[in-house]
S.K.: 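Mind having a look at this structure? Questions to follow.
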Protein chains: 2
Amino acid sequence: MSLEQELKLERPMDDIHHEAVLSIVRTAGLLSLKGATLFRQFDLTEAQFNVLFSLKYKETVWTQSDLGKRLVVTRASVTSVLDKLESKGLVERHVVEGNRRIYHVDLTKAGRELIDKVEPRYRENIHEVTASLDRPTCEALIQSLERVRQNCTRPAD
Amino acid sequence: MSLEQELKLERPMDDIHHEAVLSIVRTAGLLSLKGATLFRQFDLTEAQFNVLFSLKYKETVWTQSDLGKRLVVTRASVTSVLDKLESKGLVERHVVEGNRRIYHVDLTKAGRELIDKVEPRYRENIHEVTASLDRPTCEALIQSLERVRQNCTRPAD
DNA sequence: AAATCATTGTTAGACGTCAAGCGATAAGTT
DNA sequence: AACTTATCGCTTGACGTCTAACAATGATTT
C-alpha cells in the first residue's frame, strides 16, 4: 500500500523528498511496533531487548556511557533501563577498581539465557520484514539512509 | 559514516538484512531528533507539530479518531496531545450535533499562524537532509520501505 | 599543589506512547 | 422495541526518552 493510502491523505504528496522522510519515519514506527509485540512475549520492552542484545555481542568491557553511545540514547536513559533490568536480575553493574566514577555492565546468567531465547525469534522477524529485498536493493537502501544521516548532523559535528 | 562506525560496533555486521533494519530505525531516530530541535524553537514537540501540520492540510472534517489514523497513533495519544494544544489555544474541539460521541478538531487562528511560521523551516529541514538524493534514488528508497512495511503487518491484516 | 575543566552516573520533571478498561453513545440484529 | 455489538473519547499506569541540573570523581592546567 502506498504511503498516501496508509496515511489516508486527501491529496497526493507533491514533494518526493518529503515523502521519503515520512516513509522512513513511518517504517521505523512499524518496525518498532512489530518488535515490541515480540518482546512483550518475553516480558521485555524494545529498549530492554536492545541492551541485552548489545551486551551479548560486546567484545570488550563497557561502561554505562559506552552502552549509551552504542544505543544512541542519553546516559539518563541508560540508567533508567538498567535499573529495570537489574531489578529483574538480567544485568549486573560491577564496581571498577581504580575508577570510582564508573560501572562495568554485564549480562547475568539469567540475562544471557533470556537473550539466547529471544534472539532467534528476533532474527526471524528481521528476515520476515526484509524478505522481499535482495542484496543489491538492501545495499542501495542502506546507502541512501546513510546519506540522510550524514545530512542530519550539522556540518559542525 | 557507516552504521558500524556510528554504532561503535566491535565487529562487522554479517547480516545485510539486519543492517538494513537497524539503518531504518537509526535514521528515523536522527530525523526525529533534528525535528525536535527545530520544533522546540517554537515551543512545540514533534507530536504537536504533526497534529498542527495534519490539520492544516486536511480537506474534510476530522474527528479525533481520524486524526489518530492519519498520525498512526492510538486514540489515547490523540487525547493527550490535543489537551496540550488546546490549553495553548492552538486547536479547538467542536461539538458535533447529531453525534454526541465525537468532536471535530480544527486549528484556531493562533494555531494556523503558528504552523504557517514553522512549516517553511520544516520544509527547509526536509530538503537539507535529503539534498543528496536525486529523484530516482528517492523513488527506489520509498519503494523499498513500502515493501518493508508490507511485511510488517501480518498477512491477516 | 591548587585551581579549573571534563566526565560519569543519578535525579527530577516534562512529554508521548501504549495497553487496558471505562461509560456514553451509535449502529446493527433479532 | 429490546438486545447486542461497535465505536468514540477519556483515564490510569507503565515505560522510555529527553533536558537540566547535581555531586562525585578524574584529568588538565597553571
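Within every chain, numbering begins at 1; the chains are lettered A, B, ... in the order of the sequence lines, protein sequences first and strands thereafter. Keep in mind that this is a model prediction, so the values were computed, not measured. Below, all heavy atoms of this structure are taken into account, side chains as well, without hydrogens, waters or symmetry copies.
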S.K.: Would you name the heavy atoms of B/Ala28 and A/Val25 that are closest together and state the gap between them?
M.R.: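 It is CB-CA, 4.0 Å.
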S.K.: From CZ of B/Arg100 over to C1' of C/dG23, roughly how many Å is that when rounded to an integer?
M.R.: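 These atoms are roughly 13 Å apart.
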S.K.: So, are B/Arg93 and B/Asp106 salt-bridged, with charged N and O less than 4.0 Å apart?
M.R.: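 Salt bridge: no.
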S.K.: Round to the nearest Å and state the distance from A/Lys88 atom NZ to D/dC15 atom C1'.
M.R.: 10 Å
S.K.: Excluding sequence neighbours, so at least two apart, what forms ring pair (Phe, Tyr, Trp, His ring centres under 6.0 Å) with B/Phe39?
M.R.: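 B/Phe39: ring pair (Phe, Tyr, Trp, His ring centres under 6.0 Å) contacts with B/Phe49.
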S.K.: State whether A/Gln48 places a side-chain N or O below 4.0 Å from either non-bridging phosphate oxygen (OP1 or OP2) of D/dG16.
M.R.: yes
S.K.: When all nucleic acid strands are considered with a 4.0 Å heavy-atom cut-off, which category describes A/Thr45: base, sugar-phosphate, or nothing?
M.R.: sugar-phosphate
S.K.: With a 4.0 Å limit, can you tell me whether B/Ser77 has a side-chain N or O closer than that to the phosphate oxygens OP1/OP2 of C/dC18?
M.R.: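 For C/dC18, OP1 or OP2 has a side-chain N or O of B/Ser77 closer than 4.0 Å.
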S.K.: Starting from A/Tyr103 and following side-chain heavy-atom contacts under 4.5 Å between hydrophobic residues (I, L, V, M, F, W, Y), which residues can be reached?
M.R.: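 Members other than A/Tyr103 - counting any ILVMFWY side chain reachable under 4.5 Å - are A/Val95.
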S.K.: Are B/Leu90 and B/Lys109 packed together at the side-chain level, in the sense that at least one heavy-atom pair is separated by less than 4.5 angstrom?
M.R.: no
S.K.: In terms of side-chain geometry, is the basic nitrogen of A/Lys58 or A/Asp66 positioned less than 4.0 Å from the acidic oxygen of its partner?
M.R.: no
S.K.: Write down the distance between CG (B/Leu44) and C1' (C/dG16), rounded to a whole number of angstrom.
M.R.: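 After rounding, the reported distance stands at 14 Å.
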S.K.: For every nucleotide of nucleotides 3-13 of chain D, 5' to 3': is a protein heavy atom under 4.0 Å from its base (B), only from its sugar-phosphate (S), or from neither (-)?
M.R.: ---BBBBBB--
S.K.: What is the distance, to the nearest angstrom, from the CZ atom on B/Phe39 to the P atom on D/dT19?
M.R.: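 For the pair B/Phe39 CZ and D/dT19 P, the rounded distance is 15 Å.
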S.K.: A/Leu67 has an atom CG; how far is it from atom C1' of C/dT8, in whole Å?
M.R.: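 Answer to the nearest Å: 14 Å.
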S.K.: Taking CG from A/Asp43 and C1' from D/dA14, how many angstroms apart are they, rounded to a whole number?
M.R.: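 For the pair A/Asp43 CG and D/dA14 C1', the rounded distance is 13 Å.
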S.K.: Considering every strand and a 4.0 Å limit on heavy-atom distances, what is the contact class for B/Gly68: base, sugar-phosphate, or nothing?
M.R.: nothing
S.K.: Could you give the CD-to-P distance, from B/Gln41 to D/dT19, as a whole number of Å?
M.R.: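 To the nearest whole Å, that distance equals 14 Å.
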S.K.: Run the ring-centre check on A/His18 versus B/Tyr122 and record whether the distance is less than 6.0 Å.
M.R.: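 Under 6.0 Å, so yes.
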S.K.: Check the distance between C/dG16's P and B/Arg40's CZ and give it to me in whole angstrom.
M.R.: 13 Å
